Amino acid sequence: MERKLFVYNSLSRTKEEFKPINEGKVGMYVCGPTVYSDVHLGNCLTFVRFDVIYRILLHLGYKVRYVRNITDVGHLLDDGEDRISKGARIDQLEPMEVVQKYANGFHDMMDIFNAKRPNIEPRATGHIIEQIEMVQQIIDNGYGYEVNGSVYFDTIKFAEETGQYGKLSGRVIDELQSETRDLKNQSEKKNPSDFAIWMNASPEHLMRWNSPWGEGFPGWHLECSAMSTKYLGKTFDIHGGGNDLKFPHHENEVAQNVGACGCAPANYWLHTNMLLMNGKKMSKSDGNTISPSELFSGDSPHVSKGFHPMVIRFFMLQSHYRSELNLTDEGILAAEKGYKRIMECLKAVDKLNGKSDVETALDQEINALLDQAVEDLLDDFNTPKALSRYFELCNKINGLKEGTLNLSEVSQSTIERLQKTFPEFIFEVLGLKDAAEEESGDVLDGVMQLVIDLRQGARDEKNWGVSDKIRDDLAALDIQIKDGKDGTEWGFKS
RNA sequence: GGUCGCGUGGCCGAGUGGCUUAGGCACUGGUCUGCAAAACCAGGUACAGCGGUUCGAAUCCGCUCGCGACCUCCA
């Protein structure tokens, strides 16, 4: 932690030095999914990106409390129907069954993408009391008003007294006032920009709780305010989410926290950018969409084949979290090659031994690249740039392996640093896994070694027919034979 | 319509005032190989358009075109 970390803060719209509230500790809250249907690939991108941010913070030595909620109530559709209720109606399930089903699916997918689990994963329905208390505080502070069993947040009064509404998202309150919407209960609000923090439940509404204002349910934005406060304190370090949540969700969250306790929830707001496909927004309505499982299986007109989840993760990490990521078949194919190159190189580096006793120019180059990769991560979590350093290191490593670079010109201490840092970066910081290793195993390794030995026997006798048959038939099984000058290696084809 | 952001070579994708030839993939030539593959070496193509500021801009400003996000549920 001797070096400084810089993060882009959406609040200030600049890169700022990151200074945690408590030395050595980080409290981070990330808005999780609403579990009403199968997880969308865009969600996966967002959570993979925050997973890497989490991993980098851990790598830097911070003790991180990572909270990511699951929204299971209060998230309404245009027609006012609760998303969970709608899911329940369509699937003929209890609302909580819907929640469990899709929460399980979400967790499975996060595991597939090798995203670490958060330390706390609170659900909105498990924190009704905390939310009711917060509504009461907001009312007590004069920023909430009750109408017909619903409670609304008075944005105009809040804006006038605190001057804070719109700060995060760059909205101007006057312009929000001129918005004309045709939402349910619109007439109950004092101002068009006001939003519900507690909603009266109509008789047919399935999810309902008792409250001082009658039976109802919490507003969507409220859960994050209440739960982040409960687990991270009134003010914590990092609040993250997709940038589509900036307004109204995060803006309203800020308003609720400030309205309830007079303090801002988070010092640093981090927003990830969206996933596109073929340059366009991923959208179900025009068919421009692909699910994670379709991407893995290749069962989609948008991809030429299936891809391993780790290839997808690698693809995601080759873009910066604040940039849009454009998913194209060609792009993932390129990522797959790059991923494989890194994985192969990771194996090659273990076999190297440096022979120089003094520090050479090559030592300096390698060490500089390793240092720069860390600098890149410290500069607003620039994973694509850091990865480019490791690609350059791959060139060095392969050069040493092939003999175009001389092992006598590199010291063993540099090689050892490489051997320690490289896998640490790939596996722990970036959270990648070796796809081939999963499929492989000791038995297969042994069998392949036998096959290679037998083939070598044929090759020694210049029996190219046998040699090539072995190679070609293995290729048909997606196993690739690689004849090098130091013997033959094998691996899975991508 | 309003607010904000983006537009980099064949593709993906970093970079934000003066060599970073970023990097990956693809492509071309070469080395290696029995032939391949992999790897290695070498090579080309770029900063949407127009105008301005500046000694100097892909990088700052303006306009135009294109794309995206938000404004209404979204990661």
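Chain identifiers are assigned alphabetically (A, B, ...) following the order of the sequence lines, protein sequences preceding nucleic acid strands; residue numbering begins at 1 within each chain. None of the values given here were measured: they were computed from a predicted structure.
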Set of side-chain hydrogen bond (donor to acceptor under 3.5 Å, both in side chains) partners for Ser225(A), sequence neighbours left out: Gln256(A), Asn257(A)
Residues forming a side-chain hydrogen bond (donor to acceptor under 3.5 Å, both in side chains) with Asp371(A), sequence neighbours excluded: Arg417(A)
Among Arg341(A), Arg313(A), Lys305(A), salt bridge (Lys or Arg N to Asp or Glu O under 4.0 Å) partner for Glu336(A): Lys305(A)
Bracket string, RNA chain B, 5' to 3' - pairs by Watson-Crick or G-U geometry under 3.5 Å, | interstrand: (((((((..(((.(.....)..))).(((((.......)))))....(((((.......))))))))))))....
Tabulated below should be each protein N or O lying under 3.5 Å from an N or O of nucleotides 65-70 of chain B; please produce it.
{"unit_1": "rG68(B)", "atom_1": "O2'", "unit_2": "Glu324(A)", "atom_2": "OE2", "d": "2.5"}
{"unit_1": "rC70(B)", "atom_1": "O3'", "unit_2": "Phe247(A)", "atom_2": "O", "d": "3.2"}
{"unit_1": "rC70(B)", "atom_1": "O2'", "unit_2": "Arg171(A)", "atom_2": "NH2", "d": "2.8"}

Under 4.0 Å protein heavy-atom contacts per nucleotide of nucleotides 18-34 of chain B, with B for base, S for backbone only and - for none: ----BSBSS-------B
Close approaches to RNA chain B from residues 400-408 of chain A, in residue order (heavy atom, under 4.0 Å): Glu402(A), Thr404(A)
Rounded to the nearest Å, what distance is computed from the [atom1] atom of residue [X] to the [atom2] atom of nucleotide [N]?
| X | N | atom1 | atom2 | value |
| --- | --- | --- | --- | --- |
| Met316(A) | rA75(B) | CE | P | 14 Å |
| Leu270(A) | rA75(B) | CG | P | 18 Å |
| Leu11(A) | rC4(B) | CG | C1' | 15 Å |
| Trp490(A) | rA37(B) | CH2 | C1' | 16 Å |

Tell me what [X] touches on the nucleic acid: a base, only sugar-phosphate, or nothing, going by heavy atoms under 4.0 Å.
| X | result |
| --- | --- |
| Ile481(A) | base |
| Gly42(A) | base |
| His249(A) | nothing |

Heavy-atom pair of closest approach, residues Asn69(A) and Cys31(A): OD1-CA, 3.3 Å
Close aromatic pair by centroid cut-off 6.0 Å: Tyr390(A) and Phe422(A): yes
Short N-O contact, Arg455(A) and Asp483(A), less than 4.0 angstrom: yes
P gap between rG18(B) and rC32(B), integer Å: 43 Å
P-based separation of rG7(B) from rG17(B) [nearest Å]: 15 Å
